[in-house]
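Each chain gets a letter, A, B and so on, in the order its sequence line appears, and its residues count up from 1. Keep in mind that this is a model prediction, so the values were computed, not measured.
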Number of protein chains: 2
Amino acid sequence: MAENPIQRWTRQREVILEELRKLNSHPTAAGLYQIVRRRLPKVSLATVYRNLVRLSELGYVRKLDLGGSEARFDANLERHDHVRCVRCGRVDDLRSPPIELGRAVQDDWGGYEIVDYRLEFLGVCPRCRQRTKREPG
Amino acid sequence: MAENPIQRWTRQREVILEELRKLNSHPTAAGLYQIVRRRLPKVSLATVYRNLVRLSELGYVRKLDLGGSEARFDANLERHDHVRCVRCGRVDDLRSPPIELGRAVQDDWGGYEIVDYRLEFLGVCPRCRQRTKREPG
DNA sequence: ATCTATGCAAAGCTTTTGCAATCGT
DNA sequence: ACGATTGCAAAAGCTTTGCATAGAT
């Protein structure tokens, strides 16, 4: 997938990957930037973006591109789907096995050659459900 | 869904809705703008955006928010999924019936209350497949 | 007459890019 | 030493917003 596999394992790249691997919260680039900054105060947001692109190309991470205005990143490379909270934006992994492509659609594909799918559930996360009970509306 | 259902049926709103209804190509705001401009040369892109938001609130259209950088709009209000061409960005309706939420996931939802899902298939559209045969790579 | 909607331009937000300096190999 | 990578700032791409004017009811 990467055109040029040559890479230099810079401190920035290392820390960005390490911190993303610690999280299961699928941070946005800006979110991860704030976390990485705690270890590398001088890092720039552009470096975080560039490394996330590079690490995706190299197959270390996955760019999620779910709904919402910001892309999210995931170091969990196994095929899995996500649930996104419509209130707070939080994204969690779905424990359940991914759907079977073949079963989902019985009809024809209109001439398309299918290569992948993107499935995202929308819901209200436990914390936001709790909050709703106290302050409805 | 609309906070304030009061509305004025302006020429712009009418034409924007009419043109979107003619299409099954799920245009972006900019794409629809180009089409609407043929009938209303002085219309502004901001008006198209504002009306698409308003028409979504009023339930006349649906904002798709699939992958990709631009939002797409659909006047087909029936529950249906989409296929997006990874080469040219074209979005088509899936004829097949939508998947059944309950069947897709057997396991627990991690405390989430599920309200909706978003399913998008990625593939290569007929035209791009054709092109590939001539100029592979 | 009232008050929403429009057109224009400017601003906002996320992401990308140009450039000189830095650092990994 | 070579050239990929960085930090900074500027730019780019999509969408929203402020404001004065036009227009629907």
[Y] and [X], any side-chain heavy atoms less than 4.5 Å apart:
X: Arg118(A); Y: Arg84(B); value: yes
X: Arg54(B); Y: Arg13(B); value: yes
X: Asp116(A); Y: Phe121(B); value: no
X: Thr10(A); Y: Glu14(A); value: no
X: Leu52(A); Y: Leu32(A); value: yes
X: Gln7(B); Y: Leu58(B); value: yes

Under 4.0 Å between a side-chain nitrogen and a carboxylate oxygen: does that hold for Asp74(A) and Arg72(A)? no
Glu19(A)/Arg38(A) ion pair, N-O < 4.0 Å: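 No.
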Could you go through nucleotides 8-14 of chain D and list every protein N or O atom that sits under 3.5 Å from one of its N or O atoms, giving the distance for each pair?
residue : atom : partner  : partner atom : Å
dC14(D) : OP1  : Glu70(B) : OE2          : 3.1

Distance in angstrom units between [X] [atom1] and [N] [atom2], rounded:
X: Leu32(A); N: dT14(C); atom1: CG; atom2: P; value: 15 Å
X: Asp65(B); N: dT15(D); atom1: CG; atom2: C1'; value: 13 Å
X: Tyr33(A); N: dT15(C); atom1: OH; atom2: P; value: 14 Å
X: Leu52(B); N: dT6(C); atom1: CG; atom2: P; value: 11 Å
X: Arg13(A); N: dA4(D); atom1: CZ; atom2: C1'; value: 8 Å
X: Glu57(A); N: dA4(D); atom1: CD; atom2: P; value: 13 Å
X: Leu45(B); N: dT17(D); atom1: CG; atom2: C1'; value: 13 Å

Are the side chain of Asp65(A) and the backbone of Gly68(B) linked by a donor-acceptor contact shorter than 3.5 Å? yes
Below 4.0 angstrom, which residues in residues 15-28 of chain A have at least one non-hydrogen atom near DNA chain C? none
Contact letters for nucleotides 20-25 of chain C, in which S counts primed atoms plus P, OP1 and OP2 and B counts the base, heavy atoms under 4.0 Å: ----BS
Please say whether the positively charged group of Arg79(A), taken as NZ for Lys or CZ for Arg, lies over the ring of Tyr117(A), i.e. under 6.0 angstrom from the six-membered ring centre and within 45 degrees of the axis.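 Here Arg79(A) passes the 6.0 Å and 45° test against Tyr117(A).
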Can you list everything that forms a side-chain hydrogen bond (donor to acceptor under 3.5 Å, both in side chains) with Asp93(A)? Sequence neighbours excluded, please.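 Applying side-chain hydrogen bond (donor to acceptor under 3.5 Å, both in side chains) to Asp93(A) gives His26(A), His80(A), His82(A).
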Contacts of Tyr60(A) that satisfy side-chain hydrogen bond (donor to acceptor under 3.5 Å, both in side chains) - sequence neighbours left out: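 Not a single residue meets the side-chain hydrogen bond (donor to acceptor under 3.5 Å, both in side chains) criterion with Tyr60(A).
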Roughly how far, to the nearest 0.5 Å, is the CG atom of Leu17(B) from the CD atom of Gln12(B)? 13.5 Å
Roughly how bent is the helix from dA1(C)-dT25(D) to dT25(C)-dA1(D) end to end, in steps of 10 degrees, with each end axis from five pairs? 30°
With DNA chain D as reference, determine whether Lys63(B) or Gln12(A) sits nearer its 5' end, using the nearest nucleotide of each.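 Its nearest nucleotide being more 5', the pick is Gln12(A).
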